[in-house]
Amino acid sequence: MSKPPGFRYRSGQYIFINCRAVSPYEWHPFSITSAPGDDYLSVHIRTRGDWTSRLRTIFSEPCRPPTDGESGLLRADLSKGITESSARFPKLLIDGPYGAPAQDYREYDVLLLIGLGIGATPLISIVKDVLNHTQHGGSVSGTEPEGSGKAKKRPFMTKRAYFYWVTREEGSFEWFRGVMNEVAEKDKDGVIELHNHCSSVYEEGDARSALIVMLQELQHAKKGVDILSGTSVKTHFARPNWRSVFKHVAVNHENQRVGVFYCGEPVLVPQLRQWSADFTHKTNTKFEFHKENF
């Protein structure tokens with residue numbers, strides 16, 4: 001959607017959305033997935049329940065169907081020949097932005113971002129913001145909100161980010177396909193390390209997943225595209241080995257502060273908090289854990 005004049009936010013924050021065409025009184029919270037430097041405002045909404053189902057139906061009407069290589073709802077009112085008022089999108093009202101734990105990511109040298117399912121939405125915005133800043137030499141765009149209403153310039157400390165996204169459903173990779181491809185294409189210096197994990201498939205060493213692994217390797221070698229995610233980012237099977245993940249980050253970033261940001265179901269919180277504490281005590285890398293239940 002278009003960004004309202006003067007609207008400033010940080011990656012990780014969320015907004016409430018109202019669509020009167022669905023319900024004049026209902027407001028629902030969604031994490032912002034666009035970066036502060038983008039000239040638009042975006043959210044990713046999972047269709048679950050009456051309100052989101054109705055919202056998708058209403059927005060599908062003025063959209064044109066996707067063609068090969070495209071995904072999602074595509075604007076019809078920007079296409080040639082579409083001039084009827086019925087092709088216009090319904091108006092959205094927004095309230096926010098509101099603060100969230102993930103918004104403090106700028107204070108860390110290194111980021112370890114972990115998203116479970118649709119909980120990856122606030123982390124997507126962070127990934128895009130880190131990429132935008134590294135491309136512009138760490139300059140601040142002046143979009144960071146302050147209590148005075150004025151943007152205060154602050155140094156952007158983050159120089160490296162690791163993003164782990166875990167989902168059970170193969171179809172979920174469609175949600176962020178465009179973002180993943182954009183990051184992989186623009187990240188020439190390898191600042192962001194992307195990892196997709198499909199937890200409903202047996203791990204790579206298991207004989208039951210051997211055929212999928214073989215097909216995956218052939219497709220990636222031939223076309224540079226992963227058969228599961230549909231992007232250049234290779235999909236791993238089963239949940240990550242979190243001990244190996246933390247060890248990998250600790251070895252590569254000695255004497256640095258790592259911000260661990262998790263968004264998803266609460267079931268993973270105790271495990272990630274414990275690994276953060278263990279590696280902080282056993283190595284000279286300091287891990288600081290932040291959670292956001294989704």
Side-chain angles (χ1 to χ4, degrees), residues 1-5 7-36 38 40-66 70-79 82 84-103 115-128 145 165-180 199-200 261-269 291-294:
M1 67 194 87
S2 57
K3 186 186 295 186
F7 183 82
R8 297 189 177 97
Y9 64 95
R10 300 177 188 173
S11 293
Q13 293 185 327
Y14 65 96
I15 56 176
F16 280 87
I17 293 181
N18 170 279
C19 182
R20 293 186 176 181
V22 178
S23 171
Y25 306 113
E26 289 188 52
W27 292 79
H28 294 269
F30 298 99
S31 297
I32 302 172
T33 54
S34 52
D38 292 336
Y40 59 90
L41 192 64
S42 72
V43 295
H44 282 64
I45 300 175
R46 183 176 187 177
T47 306
R48 176 181 286 179
D50 296 339
W51 190 87
T52 52
S53 297
R54 179 63 179 153
L55 184 75
R56 179 178 176 86
T57 299
I58 288 176
F59 271 82
S60 296
E61 293 171 359
C63 286
R64 58 187 173 89
E70 295 178 332
S71 63
L73 301 178
L74 303 170
R75 296 190 67 120
D77 59 349
L78 299 181
S79 303
I82 305 294
E84 306 88 357
S85 59
S86 60
R88 299 293 180 183
F89 279 88
K91 182 178 290 188
L92 294 174
L93 302 179
I94 65 172
D95 178 27
Y98 288 93
Q103 73 181 46
L116 204 61
I118 195 63
T121 48
L123 309 180
I124 288 291
S125 178
I126 294 175
V127 167
K128 294 183 67 179
W165 184 31
V166 185
T167 180
R168 285 191 56 80
E169 305 159 8
E170 176 192 334
S172 302
F173 292 116
E174 182 81 11
W175 301 343
F176 305 123
R177 177 185 293 181
V179 177
M180 291 290 188
S199 60
S200 61
F261 293 90
Y262 170 72
C263 189
E265 296 291 335
V267 63
L268 200 55
V269 170
K291 71 177 178 70
E292 183 174 346
N293 296 336
F294 212 82

Looking at [atom1] of [X] and [atom2] of [Y], how far apart are the two atoms once the value is rounded to the nearest 0.5 Å?
X	Y	atom1	atom2	value
F30	T52	CZ	OG1	7.0 Å
R46	R56	CZ	CZ	12.5 Å
C19	K91	SG	NZ	11.5 Å
K128	T33	NZ	OG1	6.5 Å
L123	W165	CG	CH2	11.0 Å
I45	I17	CD1	CD1	5.0 Å

Which atom pair, heavy atoms only, marks the closest approach of [X] to [Y]?
X	Y	value
P90	I58	CG-CG2, 3.5 Å
K3	P36	NZ-O, 3.2 Å
S125	S11	OG-OG, 2.8 Å
F7	I94	CE1-CD1, 4.0 Å

Practice task
For the residue pair E26 and D50, establish whether any side-chain heavy-atom pair is separated by less than 4.5 Å.
Solution key: no
Who pairs with [X] by side-chain contact (heavy atoms from CB on, under 4.5 Å), at least two apart in sequence or on another chain?
X	result
S34	Y9, I32, D38, Y40, L41, S42
S53	T47
P29	Y14, F16

Exercise for the section: Tell me, please, which residues at least two apart from D95 pass side-chain hydrogen bond (donor to acceptor under 3.5 Å, both in side chains). Expected result: Y98
